[in-house]
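See below for the structure under consideration.
Atoms considered below: every heavy atom in the structure, side chains included; atoms not considered: hydrogens, waters and symmetry mates. No experiment lies behind these values; they were computed from the predicted model shown.
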Amino acid sequence: MSEQVKGFQNISHYSDYQPLLSSSRICERWDEQFLLSGLADVLSFLCEESSDANFFSMTKKLAADYFAVATKEYFMAMALILAHRNIQGSSPNPCVGCVYVKEGKVVGMGYTQSYGGLHAERHAYENVSSAQSLCGAEAYVSLEPCCHHYSWKSGQKITREPCAVFLHRLGISKVNVAILDPDQQVSGGGVQHLLDCGIAVQVGLLKQSAQRLLWRYILHRKRVKQGTKRNITIGLKWAQSLDGRLAAPSGQSQWISSPSSLIYSQWLRYVYDGVMVGAGTFINDRPALSLRHPFCVRKSVAKVKKIIFDPQFRTLRFDKFQDHYRHMKDNAEVYWIGRKDMSEEATKLARMQFPSEERHCVMSIWDPDQPLQHLFENDRFLQITSKSMSLLVEGGPRLHNMLIGADVVDFLHIVTAPLWLGGKHEVCPSGPVLPHDLDHPPYYSLIHHQRFGQDLLSEYAHTHHKTFL
């Protein structure tokens, strides 16, 4: 094991979050291990109601639990932890962390602000002591500094200079970058500008950890670069028994997994930009689809978009619709998606269930005669997800099966509880839409597994995402 790796026994006093904390495990290659399981997310959320000063102190401690203090890995680890501070609020921009180091000491740190706000390099500069000069200092940035002007919104729209230019103006002598920015506007241009200015650059420090952190952003920019109209990443999440059941014989389907697993489910819901469920899940489970856990509740972050996939709009005819809708609403944007040939029925039901200002949320855009992937390329769907990079589908099994069968699923998050439920209830995925034949099925590779109490979490990435395998 690398001498730079240290144990993390000192964080055991976060007992309420131990199931998540223990999921980060030291392995032979620290650069493949660090931040793979969301440990930093949990600790950053624990500090969410605290000042940035307290959060920065926690950041230093957590990095020191993994790496020897004052090593390059230690400072880059801090940058990666900082990025988690606003992992959802920055979307569709990437979440980035920045640390300024001079004479072996941290003199400033920051992270990307909510969408339209300051980039990490500028936010870190705002946290530098006014008397402290950065001339000759090093910068550790989890993503390549941008080389294009960007807008900053704070009462008025102000155009900011590129971060690469900003770092040069500060007198930074060296910039350490975890990964290059896949955005077409950058794509190595930031590094090249720094080199042209005579600034030393190192790329690749804790590379894999940064890739795992920025998976939404990387896949989004990759699809944009390829000209793919569907640029949203889709993940499926479900909890099941040992025999693959999603519900008990009585029909009860909620709370199959343990409280520890539910915490992780909340974290997933936080990381994704939107959540989708099918009509059956809406009717049978009355889901809130909200961010309820303390580490997920942030005043500065917009509510997660909620989408109900309801081909026949049967939820709008459900006698308890208003009760379920109020339970879910919580000031979030909620949309209903149904069949294209039911527009008249949808309009009538929307008039019945919603006030005029909310009727636009009922959309007849799905064409069952077309491949399901066309839904995610529909102009109206793209409009409601314009600032989203990812969508988490939480059920039910037929919707999961349709998505897997259409080969549009990028990630799977499966929690298996040590229960044997039996009965005739569906297993996941199941439904009338069959997956591909055995000669050309969609393949997924295991990228992460861990225990939450007695539950087992298994996460898979589609094999065409080689970056994450």
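A donor-acceptor pair under 3.5 Å is formed between the side chain of His400 and the backbone N or O of Val393. Remark: the backbone N or O of Ala164 is not paired with any side-chain donor or acceptor of His168 at under 3.5 angstrom. Thr385 places no side-chain N or O within donor-acceptor distance of the main-chain N or O of Ser388, the cut-off being under 3.5 Å. Glu144 places no side-chain N or O within donor-acceptor distance of the main-chain N or O of Ile179, the cut-off being under 3.5 Å. With hydrogens and angles disregarded, a donor-acceptor distance shorter than 3.5 Å links the side chain of Thr281 to the backbone of Gly396.
Below 30°, between 30° and 60°, or above 60°: for Phe75 and Tyr140 the angle between ring planes is between 30° and 60°, a tilted geometry.
In this structure, Glu161 pairs ionically with Arg122, as a charged nitrogen and a carboxylate oxygen lie closer than 4.0 Å. A salt bridge links Asp410 with Arg223: at least one charged nitrogen is closer than 4.0 Å to a carboxylate oxygen. We find that Lys229 and Asp379 are joined by a salt bridge, their nearest charged nitrogen and carboxylate oxygen being less than 4.0 Å apart. Glu377 and Arg230 are not joined by a salt bridge, as no carboxylate oxygen comes within less than 4.0 angstrom of a charged side-chain nitrogen. The existence of a salt bridge linking Asp183 and Arg221 is confirmed by a sub-4.0 Å separation between a basic side-chain nitrogen and an acidic carboxylate oxygen. Taking the charged nitrogens against the carboxylate oxygens, Arg85 and Asp52 do have a contact shorter than 4.0 Å, which makes a salt bridge. Here Glu138 does not pair with Lys72 in a salt bridge; the nearest charged N to carboxylate O distance is not below 4.0 Å.
Residues Glu459 and Leu457 meet the side-chain proximity criterion, which asks for heavy atoms closer than 4.5 Å.
Annotation: the span from Glu394 atom CD to Ser265 atom OG amounts to 7.0 Å, rounded to 0.5 Å. Between the CG atom of Asp367 and the NZ atom of Lys340 there is a distance of 5.5 Å, given to the nearest 0.5 Å. The line from CG of Leu456 to CD of Gln454 is 11.0 Å long, rounded to the nearest 0.5 Å. One finds the CG atom of Leu206 at 11.5 Å from the CD atom of Gln211 (value rounded to the nearest 0.5 Å). For the atom pair CD1 of Ile307 and CG of Leu392, the computed distance is 11.5 Å after rounding to the nearest 0.5 Å. With rounding to the nearest 0.5 angstrom, the CG atom of Asp310 is 10.5 Å from the CD1 atom of Ile337.
The minimum heavy-atom distance linking Met76 with Val141 is given by the pair CE-O, 3.6 Å. Counting all heavy atoms, side chain and backbone alike, Ala63 lies closest to Ala77 at CB-CB, 4.1 Å. In this structure, Thr463 and Ser445 approach most closely via the heavy-atom pair CG2-OG, 3.3 Å.
More than 12 heavy-atom neighbours from other residues, nucleotides or ligands sit within 6.0 angstrom of CZ on Phe166. Atom CD of Gln370 is surrounded by more than 12 heavy atoms from other residues, nucleotides or ligands within 6.0 Å. In this structure, Glu103 places its CD atom where only 12 or fewer heavy-atom neighbours from other residues, nucleotides or ligands lie under 6.0 Å away.
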* Asked: Run the side chain to side chain contact (heavy atoms under 4.5 Å, CB included) check on Ile384 and Met363 step by step: do they pass?
  -> CA-CA 11 Å; Ile384 68 173; Met363 299 181 292; 3.5 Å; yes

* With side chain to side chain contact (heavy atoms under 4.5 Å, CB included) as the test, would you mind laying out the steps for Val203 and Val201 before giving the verdict? => CA-CA 7 Å; Val203 179; Val201 179; 3.9 Å; yes

* To do: May I have the step-by-step check of side chain to side chain contact (heavy atoms under 4.5 Å, CB included) for His220 and Ile218, ending in yes or no?
  => CA-CA 5 Å; His220 184 269; Ile218 291 172; over 6 Å; no

* **Step-by-step ring pair (Phe, Tyr, Trp, His ring centres under 6.0 Å) determination, Tyr460 to Phe411** => CA-CA 6 Å; Tyr460 300 82; Phe411 294 95; over 10 Å; no

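Taking the salt bridge (charged side-chain N to carboxylate O under 4.0 Å, His left out) definition, one finds that Arg359 meets it with nothing, sequence neighbours left out. Residues that satisfy the side chain to side chain contact (heavy atoms under 4.5 Å, CB included) test with Gln113, not counting sequence neighbours, are Tyr111, Leu118, His123. Qualifying side chain to side chain contact (heavy atoms under 4.5 Å, CB included) partners for Thr59, counting only residues two or more places apart in sequence or in other chains: Phe55, Met78, Ile81, Leu82.
When each of Arg216, Lys305, Lys306 is checked for a salt bridge (Lys or Arg N to Asp or Glu O under 4.0 Å) with Asp273, only Arg216 meets the rule. None of Trp238, Tyr272, Tyr444 except one satisfies the ring-ring contact (aromatic ring centres under 6.0 Å, His included) rule with His413; the exception is Tyr272. Screening Thr233, Asp181, Asn93 for a side chain to side chain contact (heavy atoms under 4.5 Å, CB included) with Tyr217, the sole residue that qualifies is Asp181.
The aromatic ring centroids of Phe381 and Trp366 lie 6.0 Å or more from each other.
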